[in-house]
Structure formats: C-alpha cells, structure tokens
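Within every chain, numbering begins at 1; the chains are lettered A, B, ... in the order of the sequence lines, protein sequences first and strands thereafter. Heavy atoms only: backbone and side chains are in, while hydrogens, waters and symmetry mates are out.
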2 protein chains.
Amino acid sequence: MRTNDAAGRVRAKRLPREVRERQILDAAVGVFSQRGYHAASMDEISEVADISKPMVYAYLGSKEDLFAACIRREATRLMEAIADGVSGAGDRPDVQLWHGLRAFFGFVGEYRDSWQVLHRQASAQGGPFAQELLDMRRRAVSLVAALLLNTADSEAATLHADAMAAALVGAGESLADWWLDHPEESAGAVAARLMNLVWMGFGNLVEGQMWQPPK
Amino acid sequence: MRTNDAAGRVRAKRLPREVRERQILDAAVGVFSQRGYHAASMDEISEVADISKPMVYAYLGSKEDLFAACIRREATRLMEAIADGVSGAGDRPDVQLWHGLRAFFGFVGEYRDSWQVLHRQASAQGGPFAQELLDMRRRAVSLVAALLLNTADSEAATLHADAMAAALVGAGESLADWWLDHPEESAGAVAARLMNLVWMGFGNLVEGQMWQPPK
DNA sequence: CAGTAGGCTTACTCGCGAGTAGGTACGCGG
DNA sequence: CCGCGTACCTACTCGCGAGTAAGCCTACTG
C-alpha cells in the first residue's frame, strides 16, 4: 500500500524489518562517507533512508551502534571480495597477490562510499568503533603478510613481512585515493601499477638483493 | 606578574600576543589530534592553552580558522623538514629519496600529534580546510614524482611517475602508522624498510623489467 | 470480529558547544 | 595622575542534534 507524505512524495509503507535495515544502512553509509561521523546527523540519515528517526533507533540503536554496523557490513564485503579474488588464483604467490589487488581495486571502484567510510572516517575516530575497523585492516595486513611469507622463508623476508605488508596496504589505499582523481584508468590497470611496484621490489628482496645507503 | 585561578593553579598573565598564539596552536594540535575535529571543543582547547575562550576567538578566529592554522603550521614544518633532508643529499636520486624518507620518518617520530592532525583528521574533513592539507600532500607527491622522473626518462617511468609517487607517499603514511605499534625501531630502520621495497622495485622498472600477469 | 503486535509517526526534552556581550585589570605615554 | 588601549575574564545566548514519550494504523490470529 502507498500514501503521500507532507511533501507529496510517495512513500512505501509497512515494509518488513529486514528491508528497512538495509535501507537505513545504505543511507548511513552514504551520509557518513559524505559528511564524516560527527557531522552526519541522525535526522539526515533517517531522511535519506525515507523513514522516521525513531525507527532508526528501534532497529539499529544509537549513532555509535549504527556506525559500527556500517563498518562491519562494508568491511565484511571488502574482505569477502578480496578472499574470493585470491581463492581462485592457483598457488603462485605473485598471481595470488595480483588477484587480490584486482579484487581490492574492483571493490573500491564499485563502492566508493563504502571505501570512504572504511578508510577515512573509521580510522579518524578514536572511539570504540574504530577498533572494529582496525581489526579488519589488521586481518588484511596479516593476509598479505602470509602471502609474502609464502614467496620465500629467507630470514630477510621474514623480518620484513609484516612491515612490508603494512606498507603495501597503505600504498594500495593511497593509490585508491589517487585513482579517484584519475577515473580513466581501469581497476586492472591500477592494480597492475601497484603490482609492478611491489612485486619487482619483492622479487629482488627475495633473492637477497638489498638497497644499501651510501657510507 | 602572577595570580591564582579558581583551582589554585598558578597562571601567567599579560603575555604578548605571539606567545599566546603559539600556546593556543600547540594546545589545538594536541586536542584535535586526540579527539578529532568535530569532537574537539573550543572550551577544551582554551583550557589546555591555559587561557579563556574569547582570547582564542580574538587571536585565531573561528574553529575552522583555528584548524586551518594548525594544518598550515604543521604541514609547513613537515615539508621544511623533508626539503632540508633532501637538499643536503647530493644528486644521486636514490640517496635523495633516502634522505627524504629519513627526514619524513624523523618528523613523524618526533611530532606524533602533528602527524595525527595532518594525516588522519585533515583528510577526513570534507570542509575547505582539507584543501589546505591536500595541497600540501599534492606538493609532497609532486616532489617525489619529480625525483622519480630523475631516475630515468624512459617512457615507462614517465607514465608511472605520479601514480607511483602517490603509492609511495601512501606506503610511507601507512608505514608511519605501523611504526606507532613498533616503537622499538629507529626512524632510520623504518625508512630503510620502505627504501628497500620501493627502490629495488623501481630499480627493476627503470631497467625495463615489468611484472606480467599470466595469460 | 476482537485483540494484539509490530511498523510507523509527530512532537517533544535536554545538554553541549560555538560564538559573544560587556565588562575588569594593568601598563604606558603624557 | 589621567586617559586609553590592550590583555583578559565571567557569564551569558542560542541553535543543533541525540535520543524519547506516547501513541496511531493496519495486517494477521484465533
């Protein structure tokens, strides 16, 4: 059934809880990504979700709860996308990394808002929700680190793996931001850029070649 | 001359404007970095600065103005530190990059609050101040890109320079965050990690070697 | 068809924080 | 010793936004 609200807009009524929760989360991700956590208002979120504010509180709880729910959903999506990418990639580590990068940039390209919420907003908040996100990021770093360790168990590689994984993840994040200003590139092309940078570097490191500062 | 405030604390009085402005900026950087832009209150900043709120407004203007002033000061400090590092490094591009990285990580280690404000808070705000910071970052990326272009003017290098510079800057930022969890490392050691990753990679790229995805 | 439960709303309270009005103290030049 | 400007303060206003009270409407259930 339908009805018209004060502005004359048509508004669907009496939808099941599941559907409303999805609407609310979608709206929240959009508003959080655009305004930032604090500047986002529950009023605006409820308006975008086309539902009244008390429903938001009834279904998703407080503003912090809602934000945490956004983080959780988007982070899960991203990690699943990457895991899917890596899983079908055989066992050559470089190919696994390549598929992981492709999946990552594919996700960022497709869900910019999600990416904004994850990368910018969540990490800027000191609150308890940031933990949620930092854990996910840590998992991503671990995944990459494990992958790098696969390439060789030389002592040099072991010592560097987690730091290098952190650097690689950061490079990926930054390149994703760069990509927003260069939308003419495909996800694959961007992934290839990063792959070249890090793999040709790791290729040397694995073979024991290291850059040395001059005396 | 001195006096005691309500809490009995001793409080310096009638200081010249310059000194107060420094105090206020120092306090603001600390509070912004700890709480984030929106969660930081002018009341807390004025309290930390040990001065009353109207003075903050009289000297530095609105909250946005104050934040922009923080960004400007800290970004200038950082860029100067890096420029100083690079300037005394001769003309070998790898050595220049090495000194730049050392200077960068040295700064981050010494001024964590400044780094927090620059990296996390500023980039998360959509407002006009973010522009200030993004410009600085762009300058950093340009500096790195120019440096990379020095290494070779092969077509491959030219095509990749700005993207690679973005990736490198991101890797540096991320590694700086990683460093906060591994304080046992020296700034030089962290810089060396990143140098190895990117230089050994670029070394190959410059010589025309590229990683190829399998068919 | 009465009862009820859950989807949904309007219309509030209330505290917090940005920004200000309107002064008081103190030093300095005459 | 008298302005007078500048450093500085207390004590407000006022709007915005988180969270809630109190109920309305309708689809199903027995």
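Among the heavy atoms of the strands, none lies under 4.0 Å from B:A39.
Ion pairing between A:E185 and A:R193 holds under the 4.0 Å rule for side-chain N and carboxylate O. A salt bridge between B:R138 and B:D162 is absent, with no side-chain N of the basic residue lying under 4.0 Å from a carboxylate O of the acidic one. At a threshold of 4.0 Å, the pair B:E21-B:R17 counts as salt-bridged, since one of the basic side-chain nitrogens sits closer than that to a carboxylate oxygen. Between B:E44 and B:R35, at least one side-chain N (NZ, or NE/NH1/NH2) sits under 4.0 Å from a carboxylate O, which counts as a salt bridge.
For B:L60 and D:dC8, the CG to P distance is 13 Å, given to the nearest whole Å. Rounded to whole Å, atom C1' of D:dA7 lies 15 Å from atom CD of B:E18. The distance between atom CD1 of B:I45 and atom P of C:dG17, rounded to the nearest whole Å, is 12 Å. In this structure, CZ of A:R17 is placed 16 Å from P of C:dA5, rounded to the nearest angstrom. We find that OH of B:Y59 is positioned 10 Å from P of D:dT6, with the value rounded to whole Å. The nearest whole Å value for the distance from the CE atom in A:M55 to the P atom in D:dC24 is 17 Å. The distance from atom CZ of A:R35 to atom C1' of D:dG17 is 14 Å, rounded to the nearest whole Å. A straight line from NE2 of A:H38 to P of C:dC16 spans 15 Å, rounded to a whole angstrom.
Between B:F104 and B:W115, the gap from one ring centroid to the other is short of 6.0 Å.
Relative to the side chain of B:L15, the nucleotides C:dC8, C:dG17, D:dC8 differ in distance, and D:dC8 lies closest.
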List the atom pairs, with distances to 0.1 Å, where a side-chain N or O of residues 74-81 of chain A and a protein N or O form a donor-acceptor pair under 3.5 Å, not counting sequence neighbours.
from, atom 1, to, atom 2, distance (Å)
A:E74, OE1, A:R77, NH1, 3.4
A:E74, OE1, A:S114, OG, 2.5
A:T76, OG1, A:R72, O, 2.6

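Figure legend: A:K63 and A:Y37 shown as a cation-pi pair, the cationic atom lying under 6.0 angstrom from the six-membered ring centre and within 45 degrees of its axis.
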Quick one, give me the B/S/- string for nucleotides 19-24 of chain C, reading 5' to 3', where B means a protein heavy atom under 4.0 Å from the base and S means that only happens at the primed atoms, P, OP1 or OP2. BBB---
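Listed pair A:S41 / D:dG17 fails the phosphate criterion, with no side-chain N or O lying under 4.0 Å from OP1 or OP2.
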